[in-house]
2 protein chains.
Amino acid sequence: MSKSRTSAARAEVADIDSPGAALGGLDAQVGFVLRLAQVAVFKDLIEALRPFGLRPTDFSVLLVIEATPGLKQQAVGEALSIQRPNLVTIIDQLEGRGLVKRGAAPGDRRSYALALTPDGEKLLAQAKTAHMEHADRVTAALGDMDRQMVLEALSRIARMA
Amino acid sequence: MSKSRTSAARAEVADIDSPGAALGGLDAQVGFVLRLAQVAVFKDLIEALRPFGLRPTDFSVLLVIEATPGLKQQAVGEALSIQRPNLVTIIDQLEGRGLVKRGAAPGDRRSYALALTPDGEKLLAQAKTAHMEHADRVTAALGDMDRQMVLEALSRIARMA
DNA sequence: TATTGTTATACTCTATAACTATA
DNA sequence: TATAGTTATAGAGTATAACAATA
């Protein structure tokens, strides 16, 4: 009965001499490796965007605004799960760099219509190229594995709640 | 030429009326969905461990110590990529709750030999059950998809750097 | 009364420098 | 001189409450 587990095939060996201690089966858990993968991808992305002075969040905000100009801050925040107070700072910085402008929102003087400036468009175009190279590195890491299938698996997990 | 991309099949539609703004193709990126999946899994894990007063990191530390009793703090930190100063606080708390003890390390009075107390063993056993249920929820989200294959894909991405 | 953006603030996680006691 | 643990601290990232202007 000691082997009756639902699915996991765990590493049971605790080799005290191994490089780094045994992980107690953690390394066979989807959640644990998921975290490792996410950290690795994020590190690569951060470096890819650094030359443009953009963090991943900044980049995603620019992408969303480009996809739907005239968006309100709230809509951007909802799309990316960024709390409204935190988005204020992000937009402040992007606006301060002349990449985004807070335009007048037609028919609602409480909110702004966000749009990229020409400089914003230009920088985003360059950042997109770097991001594509980053995405290619992720895809390359998958080797012969089906990228669409991995995407589907991750989507299912993301919707798990 | 506008469609010549390495691999991604992007959503090109920017529907301003959709629930949440268009993501500018972000939702077709492995890295982005990877983050969503990681957040979802982490939230589920946090809730699964909450009844035991353990955060995911605490749980992983207990697992590593159980797998290899006598481990030094540094070894635990290396195994889990936790900075030494940060691990001090974690062990302090676990020791304060009587779950872990800092024993004498044979032949080196600078370091401690970490071990679980009987209470630690008991709590970890319970937490492991909750963790297994959590892991089952993750697996269930994958439906008919091959769990080992997903694990392999994530491992490859994690080693991408 | 509800909503948008804002301010202030706090909490967690993570990272670094410097100290101590041992080796 | 180097290492294990510690202390203090700083920086992200994220979260909530409350306010002003507007709806």
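Every chain is numbered from 1 and lettered A, B, ... according to where its sequence line falls, protein lines coming before strand lines.
- Counting to the nearest Å, the C1' atom of C/dC13 and the CZ atom of A/R35 are 11 Å from each other.
- Between the CG atom of A/D92 and the C1' atom of C/dA8 there is a distance of 14 Å, rounded to whole Å.
- Of the candidate nucleotides D/dT22, C/dT6, C/dT16, D/dT22 has the atom nearest to the side chain of A/R110.
- Closest to the side chain of A/K72, from the set C/dT6, D/dA4, C/dT4, is C/dT4.
- Atoms CD (A/Q73) and C1' (C/dT6) sit 9 Å apart, rounded to a whole Å.
- Side-chain atoms of A/V88 lie closest to C/dT7 of the nucleotides C/dT7, D/dT7, C/dT22.
- Electrostatic pairing of B/K43 and B/E47 does not count as a salt bridge here, judged by no charged N lying under 4.0 Å from a carboxylate O.
- Note: CG (A/L80) to C1' (D/dG13) measures 15 Å, nearest angstrom.
- In terms of position on DNA chain C, the residue among B/P56 and A/L87 whose nearest nucleotide sits closer to the 5' end is A/L87.
- Contact of B/D108 with D/dA4 (side chain to base): no donor-acceptor pair of N or O atoms is detected under 3.5 Å.
- For B/I90 and D/dG5, the CD1 to P distance is 14 Å, given to the nearest whole Å.
- At a cut-off of 3.5 Å, with distance as the only test, a side-chain donor of B/R55 or B/Q93 sits close to an acceptor on the other residue.
- Atoms CD (B/Q74) and C1' (D/dA2) sit 11 Å apart, rounded to a whole Å.
- Atom-to-atom, CZ of B/F42 to P of D/dG13 comes out at 17 Å; the value is rounded to the nearest Å.
- Checking B/R35 against B/Q29 by side-chain atom types alone, no donor-acceptor pair falls below 3.5 Å.
- Judged as a side-chain contact (heavy atoms from CB on, under 4.5 Å), and not counting sequence neighbours, the contacts of A/V41 are A/H134, A/V138, B/L34, B/I157, B/M160.
- The side chain of B/P85 approaches D/dT7 more closely than any other nucleotide in the set C/dT7, D/dT7, C/dC13.
- Of all nucleotides listed (D/dA4, C/dT16, D/dT6), C/dT16 comes nearest to the side chain of B/Q83.
- Atom CZ in B/R84 sits roughly 10 Å away from atom P in C/dT16 (whole-Å rounding).
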>> Determine whether A/R102 and A/E95 satisfy the following criterion, salt bridge (charged side-chain N to carboxylate O under 4.0 Å, His left out), listing intermediate values before the conclusion.
In response: CA-CA 8 Å; A/R102 284 173 163 116; A/E95 192 182 36; 2.8 Å; yes

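- Remark on DNA chain D: of its neighbouring residues A/R109 and A/N86, the 5'-side contact belongs to A/N86, judged by nearest-heavy-atom nucleotide.
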